[in-house]
Asks: 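Next up is a structure, given as structure tokens.
Not measured: the values here are computed from a predicted model. To find a chain, count down the sequence lines: A is the first, B the second, and so on, and within it residues start at 1.
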Amino acid sequence: MPTPALRVCGLGKLYKIGQLQKYKALRDTLTDAMSAPFRAARTLVKGQPTFVAAAESEFWALKDVSFTVNPGEVIGIIGRNGAGKSTLLKILSRITEPTEGSAEVHGRLGSLLEVGTGFHPELTGRENIFLNGAILGMKKAEIKRKFDDIVAFAEIEKFLDTPVKFYSSGMYVRLAFAVAAHLEPEILLVDEVLAVGDAAFQKKCLGKMSEVAKGGRTIFFVSHNMGAIAELCSRAILLDHGRQINDGPVATVLEHYSRLNNSQGSQIDFTLDPSLPCCILGLRLCNQDGVDSNSFDINDEITIFITYRVSVKLHGLQLTATVARNFIDVIHSFDTDGMDEIPPREPGLYQARLAIPKMFLKGGIYSVRITAGTPDRLIQDFEAALQFEIEELSVNTHMKGYRRDRVGHVILNDVWQSSRLE
Amino acid sequence: MTTLTEESVNVPVFVIRATTGWRFLDLQELWDYRELVYFLTWRDIKVRYKQTVIGAAWAILQPVAMMAVFTLFFGKLAKVPSDGVPYPLFAFAGLLPWQLFSRVISESTNSLITDQRLISRVYFPRIIVPMATTMAAIVDFVVASALMVVMFMYYKITPGMSLLWVPVFVLLMIMTALGVGFWLSALNIEYRDVAYIVPFLNQFWLFLTPIAYPSSMVPAKWRVLYGLNPMTGVVEGLRWALFKTGTGPSPMLAASVTISIGLFLSGIAWFRRRERIFVDMIGSGGR
């Protein structure tokens with residue numbers, strides 16, 4: 001067994017609400033000190049303590065978190081807002097101390113909790129590379145050695161001697177990420193850095209990160225971008241209300257996370273908003289037998305019914321269904337995809353039907369986003385309006401390429417042909 | 001949160017856990033982070049001079065302007081004695097350390113708040129922040145000191161062997177400034193009142209320090225009490241080393257040195273004790 005890169009044991013962080021208060025005034029401390037003897041006296045007289053319940057003003061941002069990480073693992077930390085993800089990274093990067101438990105870190109640990117930390121707007125790109133590098137823990141000689149690589153990665157050669165306050169936000173982010181990406185610790189903590197920059201640069205960042213991971217480094221990755229998590233990480237830890245509720249292969253944990261967010265049934269109704277030219281009234285999921293359900297077999301045809309009312313004549317009205325699995329969009333479809341031109345819609349009540357063929361989507365948890373709009377206006381948008389699960393009940397997928405926990409999202413059955421040539 | 005052991009494979013192992021109680025500086029760690037001290041100091045200096053029109057000249061202009069005003073009002077009009085030294089020189093020798101001290105106390109106070117983004121996102125020994133503030137002030141001190149040399153030549157004064165004591169008093173000055181800086185920066189995180197007290201403290205302290213007047217004006221029996229202001233020892237010590245006048249080694253100086261060392265050590269101890277909650281107190285903007 002290799003030496004772990006990180007061993008976390010029963011980590012917990014208790015916050016007192018009073019502590020989270022921005023600051024206390026000297027006055028408060030003085031009045032506290034003044035009233036203390038009186039409180040003590042009151043206790044003495046009444047014979048019972050007058051403490052207020054402490055539990056109300058305290059909360060555990062993190063509690064009983066334990067895991068071991070081997071060198072070279074890329075781990076995603078997922079969970080809803082306030083689940084404790086950032087607190088965990090903050091403890092691991094020593095920004096704040098835990099209240100209980102311990103974490104054993106083997107090797108140098110670098111954190112990228114926000115790109116551009118310590119950048120000074122008045123300083124030039126060149127100067128900020130050195131300052132930021134030093135803040136992130138690089139030695140001057142190390143920065144000098146990597147300087148050209150950093151500049152090339154950030155694509156800012158021409159603006160090297162311009163104060164960064166004149167940079168575009170894209171250039172700023174590129175430079176900041178470039179410095180951080182050239183940090184070479186054994187363990188790297190990354191928080192939401194990919195939420196910035198344009199698509200091309202994000203792709204470059206992802207590439208850089210997987211390059212780092214392939215170099216045998218351990219990466220902790222916190223992001224709301226589940227696609228990035230699924231792409232980069234082999235393992236994920238799911239946090240909820242400060243507790244660790246799952247730790248395992250990324251696909252399994254992502255599914256658990258989608259289930260956590262899944263509370264709707266097979267049908268959802270919306271109230272009519274008369275101010276909108278078009279209003280979705282209801283969504284319904286059912287199988288090929290017309291039975292309402294949000295749990296299907298891979299051999300079921302899945303039908304989504306969309307009921308909507310048009311109150312004024314509309315040109316170019318389109319409904320969009322986006323089906324995502326583990327937060328990655330798998331299907332993006334317009335109700336007008338089958339038409340050569342989009343017909344005008346007279347006022348009235350309509351029902352649209354989308355049928356997803358059987359043996360098309362793999363086993364997994366899916367969420368459906370429905371929008372209505374014209375090419376120049378998005379009228380309604382229901383993110384994760386419906387959720388459903390597809391199970392592998394009628395097929396033994398053990399030896400199949402499309403088994404639920406393998407990569408990929410759709411099934412292509414009977415598409416292979418092999419014949420013996422000699 | 002520090003237990004550093006070395007494993008056989010030479011990978012540093014670090015254990016993060018809750019710590020309690022008083023602790024002194026982790027000198028090894030500070031040494032490892034020496035380049036960060038350098039870069040933060042460099043940033044402070046660079047940024048300040050980039051935003052100003054006359055740049056580094058401010059370092060000289062400020063004490064010179066003060067010296068001119070002091071010479072006119074205290075030296076010429078009020079006829080304050082100056083222990084036999086030309087008054088401008090006498091005042092300047094006091095103003096140099098005073099400018100450093102006054103800058104350190106006003107800038108250290110807000111230093112952790114100014115760098116709160118840094119503190120809430122990256123780990124480094126927090127004490128580096130007020131240290132870098134002091135370092136930047138020392139650079140200005142050195143620049144302004146050059147004028148001191150020019151003034152010596154102008155007044156044709158040859159300093160004696162006591163000049164060798166100058167580094168000792170400069171060290172005392174730095175220690176005093178650091179000590180007060182540690183206290184104020186740490187206190188200001190918890191009690192923002194400090195930021196309001198400091199401007200007043202700055203003026204108050206100026207009058208309690210022998211800048212415009214010599215400490216020989218203070219009745220002899222009160223001098224030890226007067227020496228409880230550590231800046232008294234710094235200023236009078238420096239003047240003694242430069243001009244061989246005023247009070248050299250004396251009970252007053254001993255009082256100042258004691259207080260100065262006390263402030264320095266207690267400042268470190270307090271800072272190190274309270275730094276655990278800095279980030280929790282600052283918060284981190286919803287992150």
Asks: Can you list every pair that meets salt bridge (charged side-chain N to carboxylate O under 4.0 Å, His left out) and has a residue in residues 133-146 of chain B, with sequence neighbours left out?
Replies: Arg48(B)-Asp140(B), Arg103(B)-Asp140(B)
Asks: Counting only heavy atoms not in Lys144(A) (residues, nucleotides, ligands), do more than 12 fall under 6.0 Å from its NZ?
Replies: no
Asks: Can you list every pair that meets side-chain hydrogen bond (donor to acceptor under 3.5 Å, both in side chains) and has a residue in residues 126-135 of chain B, with sequence neighbours left out?
Replies: none
Asks: Mind ranking Glu127(A), Glu186(A), Met138(A), Glu100(A) by heavy-atom pairs under 4.5 Å with chain B and telling me who comes out on top?
Replies: Glu127(A)
Asks: Can you tell which of Val8(A), Ile135(A), Leu92(A), Thr87(A) has the highest number of heavy-atom pairs within less than 4.5 Å of chain B?
Replies: Ile135(A)
Asks: Tell me, side chain or backbone of Tyr33(B) under 4.5 Å from chain A's heavy atoms, or both, or neither?
Replies: neither
Asks: Should we say atom CH2 of Trp60(A) is surrounded by more than 12 heavy atoms from elsewhere, each under 6.0 Å from it?
Replies: yes
Asks: What part of Ile128(B) gets within 4.5 angstrom of chain A, counting heavy atoms only: side chain, backbone, both, or neither?
Replies: neither
